[in-house]
Number of protein chains: 2
Amino acid sequence: MADDSGHREPLNRERVLLAAVALADDAGLEAISMRKLAQALGVVPMALYKHVASKDELLNGMVDSVIGEIEPPQDGPDWLANVRRRILSARDVMLRHPWARRVLEAQSAPTPVVLAYTDSTIRMFLAGGLSADLVHHVMHTLGSRIFGFTQELHETSPAQAEELPPEVAQYMMATYPGIVAVAMSRPHDPGTVVGSGCDDRFEFEFGIDLLLAGVERLHRQGWRSADHDRDAASVI
Amino acid sequence: MADDSGHREPLNRERVLLAAVALADDAGLEAISMRKLAQALGVVPMALYKHVASKDELLNGMVDSVIGEIEPPQDGPDWLANVRRRILSARDVMLRHPWARRVLEAQSAPTPVVLAYTDSTIRMFLAGGLSADLVHHVMHTLGSRIFGFTQELHETSPAQAEELPPEVAQYMMATYPGIVAVAMSRPHDPGTVVGSGCDDRFEFEFGIDLLLAGVERLHRQGWRSADHDRDAASVI
DNA sequence: ACCTGAACACCGTTCAAGT
DNA sequence: ACCTGAACACCGTTCAAGT
């Protein structure tokens with residue numbers, strides 16, 4: 001998606017950011033270097049520094065641009081449905097720009113755009129009548145899920161156990177019986193399963209629904225911090 | 001913690017890994033380069049390649065060594081308490097080696113040690129009688145929490161709103177009212193609050209307890225995949 | 001005043017030359 | 001056979017020299 005022809009009109013910040021987003025979408029985050037981005041724009045590397053103070057600022061700008069794609073908050077009467085919908089919209093955006101998640105994670109400080117997104121999400125909970133105290137814990141618990149992704153580490157394994165060489169499958173079953181048992185059980189709707197055989201959307205919705213249901217229950221019960229027993233191995 | 005004196009005995013893999021862990025604990029992950037690690041060991045950079053095939057393998061070895069510090073699984077009668085205890089042990093380890101989390105996240109494939117840890121955790125749930133199906137979703141939902149950390153992005157803000165210059169506090173309240181409201185509400189036990197004013201352990205335990213309580217409830221109710229309504233904005 | 005090439009201080013890793 | 005220095009192909013960014 002590199003723009004080779006149009007480098008007649010002058011560069012500006014937006015053109016730089018859009019080109020960077022397109023390059024990352026195409027070639028991955030590791031393709032983003034000041035030098036390569038300049039080349040994609042038909043420009044000398046140092047020319048970028050007129051529009052972007054540093055590589056860090058470039059990356060922040062890219063994330064901000066991606067966050068701008070998330071659907072604005074709805075204000076329907078059902079706060080739970082509003083939140084759920086917003087989070088799933090964030091997830092759609094993150095699926096389009098998989099690199100954005102890594103940049104967001106590596107960010108040392110949130111940009112104003114990221115703060116504004118977080119703020120608006122918080123206000124959806126407050127609008128539902130939840131106490132600031134409860135919302136505080138909820139935000140910690142949801143964590144990166146409000147940005148549409150979860151820390152899942154390594155995809156649970158390729159999971160096509162049937163396609164492995166039999167001696168490898170044998171070895172796996174002997175060494176990691178738990179992983180194999182769990183990886184084999186995937187009774188999801190086959191129509192919605194993507195690629196590697198695991199229905200990521202189902203898992204994501206399962207996670208947020210479990211969390212939101214728990215939160216809603218606590219809210220209904222008038223939960224307060226002091227009720228949470230910190231010492232015993234107690235469960236909420 | 002660099003070993004300056006003892007570079008008489010020959011290098012071996014373990015010495016390299018331990019020195020790398022110590023260096024990362026001391027100086028942070030960005031201090032880990034083949035060149036700097038070699039210097040810390042009083043050795044020429046290329047000497048490391050005798051014991052470690054590449055920087056990637058070095059990082060994997062460092063994580064493996066850290067995972068080795070996590071308490072082995074207990075097999076008490078209460079699966080929930082067993083799991084909870086193991087996860088909190090993982091958290092203690094990760095607090096000692098904060099860089100490990102970033103390495104684990106960046107890993108493209110799990111090492112055998114990481115797989116073994118995941119496998120043993122899965123088996124704790126299976127030993128509790130949960131179906132492989134439910135455990136599958138649980139593992140997705142817990143995500144990186146089984147390794148003792150959560151994706152929390154940026155610490156919710158420094159949170160000492162009282163210490164901000166009044167015009168900044170004014171600006172924050174006007175611009176991010178939700179964040180401010182939530183950040184101000186921290187009625188935790190002051191004795192356990194660390195550094196920045198937010199009780200991380202409380203938040204972590206709140207999160208796992210909310211999740212484990214939800215899972216336990218589903219298990220008691222004989223939950224099956226098909227019960228989860230994928231289309232409506234339904235909550236479990 | 002604007003633009004930009006060379007240069008600096010780093011990387012991980014290859015490879016050939018030393019012993 | 002082992003060890004290692006120089007070199008390669010990259011970085012982000014500074015800075016001075018060009019226009």
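Numbers restart at 1 for each chain; the letters A, B, ... are given by sequence-line order, proteins then strands. Since this is a predicted model, take the numbers as computed values, not measurements.
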Query raised in the report: Considering residues at least two apart in sequence or located in another chain, which fulfil the side chain to side chain contact (heavy atoms under 4.5 Å, CB included) criterion with A/P45?
Result: A/R35, A/A38
Report task. Under the ring pair (Phe, Tyr, Trp, His ring centres under 6.0 Å) rule, collect the residues that match up with B/Y176, sequence neighbours excluded. Result -> none
Query raised in the report: Using a cut-off of less than 4.0 Å, is there contact between a side-chain N or O of A/K50 and OP1 or OP2 of C/dC2?
Result: no
**Report entry** Pair listing, salt bridge (charged side-chain N to carboxylate O under 4.0 Å, His left out) test, anchored in residues 111-121 of chain A, at least two apart
**Finding:** A/D119-A/R123
Requested in this report: Could you tell me which residues satisfy side chain to side chain contact (heavy atoms under 4.5 Å, CB included) with A/A53, sequence neighbours excluded, listed by chain and number?
Outcome: A/E57
Requested in this report: Could you label the plane-to-plane angle of the A/F149 and A/F147 rings as parallel, tilted or perpendicular, counting under 30° as parallel and over 60° as perpendicular?
Outcome: tilted
Query raised in the report: Who pairs with A/E14 by salt bridge (charged side-chain N to carboxylate O under 4.0 Å, His left out), at least two apart in sequence or on another chain?
Result: none
Report summary line: Pairing string of DNA chain D (Watson-Crick or G-U wobble, both atom distances under 3.5 Å; | = paired to other strand) is ||.|||||...|||||.||
Query raised in the report: Among all residues two or more places apart in sequence or in another chain, which pass the side chain to side chain contact (heavy atoms under 4.5 Å, CB included) test with B/R85?
Result: B/E71, B/Q74
Query - With B/A47 via side chain to side chain contact (heavy atoms under 4.5 Å, CB included) - residues at least two apart - result: B/V43, B/V44
Query raised in the report: In the 5'-to-3' direction, what one-character label does each nucleotide of nucleotides 5-19 of chain C receive under the scheme B = base within less than 4.0 Å of a protein heavy atom, S = sugar-phosphate only, - = no such atom?
Result: B-B---BBBB-----
